[in-house]
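First comes the structure, then the notes that go with it.
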Amino acid sequence: MNMEKSYDPKNIEQKLYSTWEENGYFESGIVEKDSYCIMLPPPNVTGSLHMGHAFQDTLMDALIRFNRMRGKDALWQCGTDHAGIATQIVVERQLTQKGIARQDIGRKAFLEEAWRWKAESGGTITEQLRRMGSSMDWSREKFTLDDELSNTVKQVFVSLYREGLIYRGKRLVNWDPVLKTAISDLEVVSEEEKGSLWHMCYEMEGTQEKIIVATTRPETMLGDTAIAVHPEDVRYKHLIGSSVKLPITNRLIPVIADDYVDQEFGSGCVKITPAHDFNDYLMGQRHNLPLINIFEDDATLNENVPEKYRGLDRFIARALIVKEMQSLGLLEKIDDHTLMVPRGDRTRTVIEPYLTDQWFVQVAELAKPAVEAVEQGDVKFVPENWSKTYFDWMNNIQDWCISRQLWWGHRIPAWYDEEGVIYVGTDEADAREHGGVPKSVALRQDEDVLDTWFSSALWPFSTLGWPEKTPEFKQHYPTDVLVTGFDIIFFWVARMIMMGLKFTGSVPFKEVYIHGLVRDAKGQKMSKSKGNILDPLDLIDGIDLSDLVNKRRAGVMKSGDANKIELETRSEFPKGIESFGTDALRFTFAIMATQGRDIRFELTRINGYKNFCNKVWNAARFVLSVVEQYKGQTAEKDLIIGVPEQWIRERFRASIAQVVKGFNEYRFDRSAQSLYEFVWDDYCDWYIEVSKVRLYREGTSQQVKDGICSVLIEMLEDLLKALHPIMPFITEEIWLKLRPILPARGESIMLEPYPAPERHDDAKAVEIFEWLKEFVLGIRRIRADYNIEPKKVISLSVFGNNEEQLGWLQQNEDVILTVGRVGNISLAKEPLIEAATSLVGELTLYIPFDGLIDKNAERIRLQKELEKAEKVARQTEKNLENQSFIEKAPAKVVEEMRARLENSASAIVKLQAQIVKL
RNA sequence: GGGUGCUUAGCUCAGUUGGUAGAGCAUCGCCCUUACAAGGCGAGGGUCGCAGGUUCAAAUCCUGCAGCACCCACCA
């Protein structure tokens, strides 16, 4: 059996993945087994994998593999999203570089471009998902613009429309003047920015009186249709009902009273622009004010403003308005002011409230059952506190603007006749039939497409073939868990719950696991523009410094920033990034996936877990070589299973119980931690070391040797299986090498049953082995404290009259002799003086000075031990002297406390005596 | 203006119904011992953000405060 001396993930991973995929191991069968199903949050089809994906995919894959091994019919439904805005921006940018605007080539040609781009780059992310080891069912891969999914979209749209839950109307919406499309509230991000508050003077009509209004957007004055004051404001009460002459346009507008106005802010007078502000719009409705739209769709000024301002950009117009007001002597003052500026999440441009015809979903009615589902626990958020966030949003939910003035997406299935009457249907024929429109009447389809999130909201059932009653839908819906980030609870999670309940009658998933954000080592959010992103593939394969620098510089806009980023990158990664392999990356994600906290990704951590991979690799290398050398033909029933064997089995049982619990509770950190400790501390540091002694020693019977070999193998296989959901590649690679010496097994570790936490009744063995560990540690501490050369063989004396422990000593003498580098062990009839001392259970072990140890040093060492014991004694005494402790604390705790005091007291006596003698 | 999370060793973080404060990395010794130097063996290091309260007992429960981060919200 040949294994390289150290683990090298290169070459192994991709080969194994191809085998798995080719053999169909990822595919769910519709079989007589319980389903376990996860929906992959579909990544943008033309996107590429970032650390957030890698993290999320690791967790999902761990769950899927774990449940598959536990005998479930596991389906990880995968696919990609057409990502309307994001993809359209990319394609438009490509056209712009060729000097073409999308309007030049028209809708049809543009869509061909977009599909071409999808074909070209659509494989990137799916290939990267494969590199992560993701065991998703590729045979069922979907795309949101597939015919099947598009049909679902149309059906849902038509059905909601006919029920009156979708309507079209002229409303003030968030308008992105760069993309020239409406966007939803969620796609607007408000950011605090420094700006100004301009105080402008308006003259009253007919009197000389002036009033002052404060505004952050002077240019919108061209669309003002009122001035509002508070009805109780004594300063302005007398003006209510009179008119103001709006400067520049010289229109007359009324002064109105509305208690929305805050008397304390600014001057207490508010200019009202109903067509360009959400509050003003509402106020306009209350007071029947006219709406004057002053913008074109690109936010240049339109024909409703004085001629000199027409065609100007809004910000240029702003400056000119301020200048003109100033020259008219109507600019009172300018204050610095920080305000929340609404920006588009894709374009970062300032969003305009803009009056247009759009399609909306009336959400309140859908939200109600979706809230109840979470209240009743049909959907559970993990961690639980996210349900509060969900409730807060759902209880204040606004109608959802679902139309986008884009081309890439699901075209709205609505048609208009000459008079603009709307006919909705799954296709034109259906719309005609439903609306009773004869063939002779020409219909034209709505130009707009649906918000990408509309189709995403249907993902859990559209991918399973709904509305057809497919076997997949029956088997896998509702799905088990949705794994996602908090940032799309509103965008996606809430909407899936609403749509799922509305159309399938049940929730789309039973649990929602919300994970944290992956940040850089300094705790900063990773972003291209900050130049601090790490590419998961670079962590897997490694990257040299110059490539890394170039990659990071490329994401940055300003060249000054790029230089700064280059410097930072060079100091943080002086040698670039070495190759860590997928398993190390995945293990890092898993062990850092605690709940309710973001994770900081540090190279030191992943490096540590790469070492862990190597540790597993070498343990396996050891087991395989040792088995080859020492294993005989002992029959199963004749194997001698010793104390260490019983102990390691019990340790595994306890560990695997923790691991299973961790997976069930989405505490991947605990599962991973528990596995790490078992493999390294228990299996490698103790069991393997102790096994060596007994295998290498002459005179060990073949039954014992075969017992050891069989448990070495058994534990190795079990730990590989236990680790497999987190580290799929290395575990498979080793398991395949191990398989020839295992009883009949299947083709792949991923199809093997997950180890179960079976009961072993090995309490005694555990007690003995833990005692043995203490004994060895006692020797090691003395050796280390006195710098006794590791090669130096020492003698040992033991004093004590605990027959049981003396028996353990005798039974395990060989282990102590070898692991402790001890030449011989003798029993002392009385305490020794000229020796270093260590207390182990009821026994005292002595290492005679023999010139190795200085008497004074030993006295100091014992003094320290004594202080420790005294501290414990004081603490426990304090408790036990307290009457109310004895009365009120549980008996078990009191008992423990007594035992602890007894132990420390006996240690104190022994240590004091020894110190005195010295 | 509301809301959520965080504050524990030098760093990054665990700490599950309250019952002797833990890990990894880093640091300091000693070892290239035939699975692994990507390793082994050992050591040092913490008034658990601050102030109160509940309790026999508080890192853990309650209240208040401070700092940091994030989310939501129409103050011109």
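So you know, we letter chains A, B, ... as the sequences are listed, proteins then strands, and number each from 1. As the structure is a computational prediction, the values presented were derived from the model and not from experiment.
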Test: A:Arg235 and A:Asp233 ion pair at under 4.0 Å: yes
Sugar-phosphate only, base, or nothing, as touched by A:Thr594 at under 4.0 Å among non-hydrogen atoms: sugar-phosphate
C1' spacing across the pair B:rG10 / B:rG45, given as an integer number of angstrom: 9 Å
5′-ward residue of the pair A:Arg519/A:Asp262 relative to RNA chain B: A:Arg519
Sugar-phosphate, base or nothing in reach of A:Lys388, heavy atoms under 4.0 Å: sugar-phosphate
Sugar-phosphate only, base, or nothing, as touched by A:Pro890 at under 4.0 Å among non-hydrogen atoms: base
Touch class at under 4.0 angstrom, heavy-atom based, for A:Phe278 against every strand present: nothing
Modelled atom types, side-chain donor and acceptor of A:Arg861 and A:Tyr786, under 3.5 Å: yes
Touch class at under 4.0 angstrom, heavy-atom based, for A:Glu689 against every strand present: base
Sugar-phosphate, base or nothing in reach of A:Cys613, heavy atoms under 4.0 Å: nothing
Atom C1', compared across B:rU17 and B:rA23: separation rounded to whole Å: 24 Å
For residues 892-901 of chain A, which side-chain donor-acceptor pairs fall under 3.5 Å, sequence neighbours excluded?
none

B:rG3 and B:rU55, which share atom name P, separated by this distance in whole Å: 29 Å
Donor-acceptor contact present, side-chain A:Thr273 to main-chain A:Asp224, <3.5 Å: no
Rounded P spacing from B:rU20 to B:rA57 in Å: 15 Å
Sugar-phosphate only, base, or nothing, as touched by A:Gly596 at under 4.0 Å among non-hydrogen atoms: sugar-phosphate
Touch class at under 4.0 angstrom, heavy-atom based, for A:Asn614 against every strand present: base
For RNA chain B, the dot-bracket pattern of Watson-Crick and G-U pairs whose distances stay under 3.5 Å, | for other-strand partners: (((((((..((((.....[..)))).(((((.......))))).....(((((..]....))))))))))))....
Between B:rG24 and B:rC61 - C1' atom distance, rounded Å: 30 Å
Check: A:Glu187/A:Ser184 side-chain N/O donor and acceptor closer than 3.5 Å: yes
Sugar-phosphate, base or nothing in reach of A:Arg670, heavy atoms under 4.0 Å: base
Salt-bridge present (A:Arg217, A:Glu352; N to O < 4.0 Å): yes
A:Val363 to A:Asp399 - nearest heavy-atom pair and separation: N-OD1, 3.4 Å
Sugar-phosphate, base or nothing in reach of A:His276, heavy atoms under 4.0 Å: nothing
Separation between the P atoms of B:rA9 and B:rU4, rounded to whole Å: 26 Å
Sugar-phosphate, base or nothing in reach of A:Met340, heavy atoms under 4.0 Å: base
Contact interval (first through last nucleotide) of RNA chain B with protein chain A, 4.0 Å heavy-atom: B:rG3 to B:rA76
Touch class at under 4.0 angstrom, heavy-atom based, for A:Glu602 against every strand present: sugar-phosphate
B:rG46 to B:rC62 separation - P atoms, rounded to the nearest Å: 29 Å
A:Gln673 side chain to A:Glu677 side chain, donor-acceptor N/O pair below 3.5 angstrom: yes
B:rU27 to B:rU63 separation - P atoms, rounded to the nearest Å: 43 Å
Touch class at under 4.0 angstrom, heavy-atom based, for A:Trp680 against every strand present: sugar-phosphate
Test of ring centre spacing under 6.0 Å for A:Phe381 and A:Trp386: no
Sugar-phosphate only, base, or nothing, as touched by A:Leu517 at under 4.0 Å among non-hydrogen atoms: nothing
Exercise: do A:Thr220 and A:Lys271 side chains pair donor with acceptor under 3.5 Å: yes
Lys NZ or Arg CZ of A:Lys615 over A:Tyr676 ring: under 6.0 Å, within 45°: no
Whichever of A:Arg667 and A:Ile788 has its nearest RNA chain B nucleotide further upstream toward 5': A:Arg667
